[in-house]
**Student:** 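For reference, the structure I am asking about is given below.
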2 protein chains.
Amino acid sequence: MDSDRPRRPTLDTVASAVGVSRATVSNAYNRPDQLSASLRTRILETARSLGYAGPDPVARSLATRRNAAVGLMLPQGLSVAFTDPSLSIVLDGLASTVDGHDHCLVLMPGNDTGGPRPETVSRAQADVVVAYSLPDSAPALSAVSARGLPLVVIDQPVISGTARVEVDDSGGARLAASHLLALGHSRFGILTFALHPDGYRGPVSCSRRASIPFRVSRDRLTGYLDALENGGVAAENVPVWEASGSGRELGREGARWMLTRTPRPSALLCASDQLAFGALQAARDLGLSVPGDVSVVGFDDVPEASVSDPPLTTVRQPLAEKGRLAGQLALKLLAGARPPRATRLDVSLISRASCAPSK
Amino acid sequence: MDSDRPRRPTLDTVASAVGVSRATVSNAYNRPDQLSASLRTRILETARSLGYAGPDPVARSLATRRNAAVGLMLPQGLSVAFTDPSLSIVLDGLASTVDGHDHCLVLMPGNDTGGPRPETVSRAQADVVVAYSLPDSAPALSAVSARGLPLVVIDQPVISGTARVEVDDSGGARLAASHLLALGHSRFGILTFALHPDGYRGPVSCSRRASIPFRVSRDRLTGYLDALENGGVAAENVPVWEASGSGRELGREGARWMLTRTPRPSALLCASDQLAFGALQAARDLGLSVPGDVSVVGFDDVPEASVSDPPLTTVRQPLAEKGRLAGQLALKLLAGARPPRATRLDVSLISRASCAPSK
DNA sequence: TTGTACGCGTTATCAA
DNA sequence: TTGATAACGCGTACAA
């Protein structure tokens, strides 16, 4: 018999040490009013002396079916959450809403398929899950619904039975493109972040434009091209560069390609401010002036957009609000509410110094 | 009997539907090699048709004693993680190390006591916990060790049995103060973030300086004052403003107070770059020139420090490295290693344009 | 206060 | 090989 190895103490250990039942020890921790103060003290002291740290969280979750945690599914690795400025703002909004409810936030890393692996989802301990901009029909999404967890999606198409927060991305893109058209531009370039979750960076072929799984990329690209078509610019003549993410360096790389083409575009439509900042850098690298030689429009309106050189004309979307709303929805679902109708947030064009009339 | 309510299917449900034992169904999910392919297929199909989403994560964790999650204890609400630039960089480093190991990151919110509540900790489902700059002897820390979870501390004093990453904060502070002394300054002001986790903002009394629970604040403040004393400046004559956090607005507020005193300090020592940026703003507000009228030194060297107006002289600490190291330690502890010796990271002074010789 | 059924799997060990 | 048996993990909650 090796029953003398030092096993972790459990409720039972404490119960038999004190000479009461397991239920009473449980009550000592969870319902102080169910037993006398003196017994409770005796129990807690015995527990301490035995090195018992209180009810095991996992066992407790198993019994209560609650985890006191909000899950968040990311489209990429964990670090995007802390790296991408616009995502951080959304998450700040989400976090400040969830804060004060004593819930943890469980970040679920995505991988190169554009979201967490289904296995990651099935292991994650959360009571409600928020999905941020995953590709349509990501396996992670079905994994959540298979588990029957309430789901809030941000920047995704309608998924039945889930709450949803969305922004008018195609409207925003049209705003940006129309602005440039109104300034007389006719040679455009489009810089977008990932259309497909395969890590590709480079010029976008027609076939690649066909079925784009990321709703945001799809809507922005479509919005740009629609507006340009309406303005008399044939979509097939507009070069599109796909960056694998939304980083500044990626934008710089794409813009360099764009700005060294012949003919050189006089206006760059960028799907995010980060890409646009990279484009500003690329222009500097090439000795081009913005907006003298090329106009640049971003998307998001992160704080830096107002202080960049030059300040960036961009499409403002209410990032913090988006996160707050998602947080509120998550809390509602947590409380058992049915998913309400989707809220659509508005966007607007913020005109700054990075655009000028075409010469 | 109300046994006809639709309970969620479990392993047993599937097992009896297929006519095998629970163990076999479990094997179908976890050890495909333990049963024939055909039986496995049959099991998985039955499971699907019953709406069974696979083994319950909580029950599985209970049985395996593993959660596939890394916990992170924050000194404040969840949103600091996405809001504070220097913290975000640390977390990026941490996250990129943990990424690829299929672990979730569980963010545990702190409250106004300077860390997560012990209850939050005892409920959190994680296999290892990282603590970021909590006050000494925070209840959350004992809660972790009570649970017997491996712990990595960042920016904290020695805690026996835990792995640790630290930076030479007092050395960095001395560097900053010596630099200003060397420039001939003699009237100083110190701007620090929270010394105590009570939300106080304002001038710091002597008693408040006595026992400071935040190691980082304590070491930086001590470092500043030590160096000043060595330079012949009496510590008791140096005004200290405590901001409740590290935000820019908080720095602006403190610097305004500092710069409207008589005599006005000619040099401001700021415990973070964010506070320093606020100080730059306060100087602008008051029509003072930096470094003409007042010199400002920060701490951290976040990216913005090199592009602020004026570029900020600051103490560089390896933020990303700090996070990466913490991540590596967490992974090691996860693998069962003993906590290695603490690693101490070096700091250096980055001299930019925000300091000038005293007139 | 307590007895006890229940929550849901995992993983030896054993038998065919 | 293939699959089954049964002990174990640790609490919660309700009826008595």
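In the text below, chain A, chain B and the rest are named by the order of the sequence lines, each starting its count at 1.
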**Student:** Tell me: CG of Leu11(A) to P of dT12(D), nearest whole Å?
**Tutor:**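 Atom-to-atom, Leu11(A) to dT12(D), this comes out as 6 Å.
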
**Student:** Rounded to whole angstroms, how far apart are CZ on Arg123(B) and C1' on dG11(D)?
**Tutor:**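 Going from CZ in Arg123(B) over to C1' in dG11(D) covers 12 Å.
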
**Student:** Which nucleotide, dT11(C), dT1(C), dC10(D), lies nearest any side-chain atom of Thr10(A)?
**Tutor:**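 Looking only at side-chain atoms, Thr10(A) lies closest to dC10(D).
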
**Student:** Which of these nucleotides, dG9(C), dT10(C), dA13(D), is closest to any side-chain atom of Asp56(B)?
**Tutor:**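 Taking heavy atoms from C-beta onward, the closest nucleotide is dG9(C).
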
**Student:** In sequence, state the C-alpha distance, the side-chain angles, and the governing distance for Arg215(B) and Asp155(B), and then conclude on salt bridge (charged side-chain N to carboxylate O under 4.0 Å, His left out).
**Tutor:** CA-CA 7 Å; Arg215(B) 187 195 65 72; Asp155(B) 288 348; 3.7 Å; yes

**Student:** Of the nucleotides dT1(C), dC10(D), dT12(D), which one has an atom closest to the side chain of Leu35(A)?
**Tutor:**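 The answer is dT1(C).
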
**Student:** Count the heavy atoms of every other residue, nucleotide or ligand shown that sit under 6.0 Å from CZ of Arg123(B), and state whether that count exceeds 12.
**Tutor:**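 No, CZ of Arg123(B) has 12 or fewer neighbouring heavy atoms, counting only those of other groups under 6.0 Å.
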
**Student:** Is the shortest heavy-atom distance from the side chain of Pro57(B) to the side chain of Arg147(A) under 4.5 Å?
**Tutor:**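 Yes, their side chains come closer than 4.5 Å.
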
**Student:** Select from Ala59(B) and Asp33(B) the residue whose nearest nucleotide in DNA chain D is closer to the 5' end of that strand.
**Tutor:**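 Nearest-nucleotide comparison on DNA chain D picks Asp33(B).
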
**Student:** Let me know the distance between CG of Asp12(B) and P of dG9(C), rounded to the nearest Å.
**Tutor:**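 Taking atom P of dG9(C) as the reference, CG of Asp12(B) is at 8 Å.
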
**Student:** Of the candidate nucleotides dT10(C), dG11(D), dT1(C), which contains the atom at the shortest distance from the side chain of Tyr52(A)?
**Tutor:**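 Closest nucleotide to the Tyr52(A) side chain: dG11(D).
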
**Student:** Does the side chain of Ile43(B) reach to within under 4.5 Å of the side chain of Leu35(B), using non-hydrogen atoms?
**Tutor:**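 The answer is yes, as the side chains (C-beta and beyond) meet within the 4.5 Å cut-off.
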
**Student:** Does Phe214(B) reach the side chain of Leu134(B), with side-chain heavy atoms less than 4.5 Å apart?
**Tutor:**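 Not touching, per the 4.5 Å side-chain cut-off.
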
**Student:** Is any side-chain nitrogen or oxygen of Thr64(A) closer than 4.0 Å to OP1 or OP2 of dT12(D)?
**Tutor:**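 For dT12(D), neither OP1 nor OP2 has a side-chain N or O of Thr64(A) closer than 4.0 Å.
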
**Student:** Does dG9(D) have its OP1 or OP2 closer than 4.0 Å to a side-chain nitrogen or oxygen of Arg65(B)?
**Tutor:**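 Answer no for this pair, as no side-chain N or O of Arg65(B) is under 4.0 Å from OP1 or OP2.
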
**Student:** From the options dG3(C), dT12(D), dC10(D), select the nucleotide whose nearest atom is closest to the side chain of Ala63(A).
**Tutor:**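 Selected nucleotide: dT12(D).
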
**Student:** At 4.0 Å (heavy atoms only), tell me whether Val20(B) reaches a base, stays on the sugar-phosphate, or touches nothing.
**Tutor:**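 The answer is sugar-phosphate, as Val20(B) gets under 4.0 Å only of primed atoms, P, OP1 or OP2.
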
**Student:** Does Arg22(B) make a side-chain N or O approach to OP1 or OP2 of dG9(C) shorter than 4.0 Å?
**Tutor:**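 Arg22(B) to dG9(C) OP1/OP2: no side-chain N or O under 4.0 Å.
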
**Student:** What's the CG-P distance between Asn27(A) and dA13(D), to the nearest Å?
**Tutor:**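 That distance rounds to 9 Å.
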
**Student:** Counting any heavy atom closer than 4.0 Å, what does Ser36(A) reach on the DNA or RNA strands: base, sugar-phosphate only, or nothing?
**Tutor:**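 Answer is sugar-phosphate: Ser36(A) comes under 4.0 Å of backbone atoms only.
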
**Student:** Describe the nucleic acid contact of Asn30(A) in one word from base, sugar-phosphate, nothing, applying a heavy-atom distance below 4.0 Å.
**Tutor:**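 Contact class for Asn30(A): sugar-phosphate only.
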
**Student:** Taking CD from Gln34(A) and C1' from dA16(D), how many angstroms apart are they, rounded to a whole number?
**Tutor:**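 Taking atom C1' of dA16(D) as the reference, CD of Gln34(A) is at 14 Å.
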
**Student:** Is atom CZ of Arg164(A) surrounded by more than 12 heavy atoms (other residues, nucleotides or ligands) closer than 6.0 Å?
**Tutor:**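 Counting other residues, nucleotides and ligands, CZ of Arg164(A) exceeds 12 neighbours.
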
**Student:** Which whole-number value in Å describes the distance from Arg60(A) CZ to dC8(C) C1'?
**Tutor:**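 Checked: the CZ to C1' distance equals 18 Å.
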
**Student:** Once you apply a heavy-atom cut-off of 4.0 Å, does Ser21(B) come out as touching a base, just sugar-phosphate, or nothing?
**Tutor:**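 The answer is base, as Ser21(B) lies within the cut-off (heavy atoms under 4.0 Å) of a base atom.
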
**Student:** Scan Arg31(B) against the nucleic acid and name what it touches under 4.0 Å (heavy atoms): base, sugar-phosphate only, or nothing.
**Tutor:**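 Answer is sugar-phosphate: Arg31(B) comes under 4.0 Å of backbone atoms only.
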
**Student:** Between Leu62(A) (CG) and dA13(D) (P), how many Å, whole number?
**Tutor:**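 Answer to the nearest Å: 12 Å.
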
**Student:** If I take atom CG in residue Asn67(A) and atom P in nucleotide dT12(D), what distance separates them, rounded to the nearest angstrom?
**Tutor:**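 Atom-to-atom, Asn67(A) to dT12(D), this comes out as 14 Å.
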
**Student:** Which part of the nucleic acid, if any, lies within reach of Thr24(A) when heavy atoms closer than 4.0 Å are counted: base, sugar-phosphate only, or nothing?
**Tutor:**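 Thr24(A): base contact, heavy atoms under 4.0 Å.
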
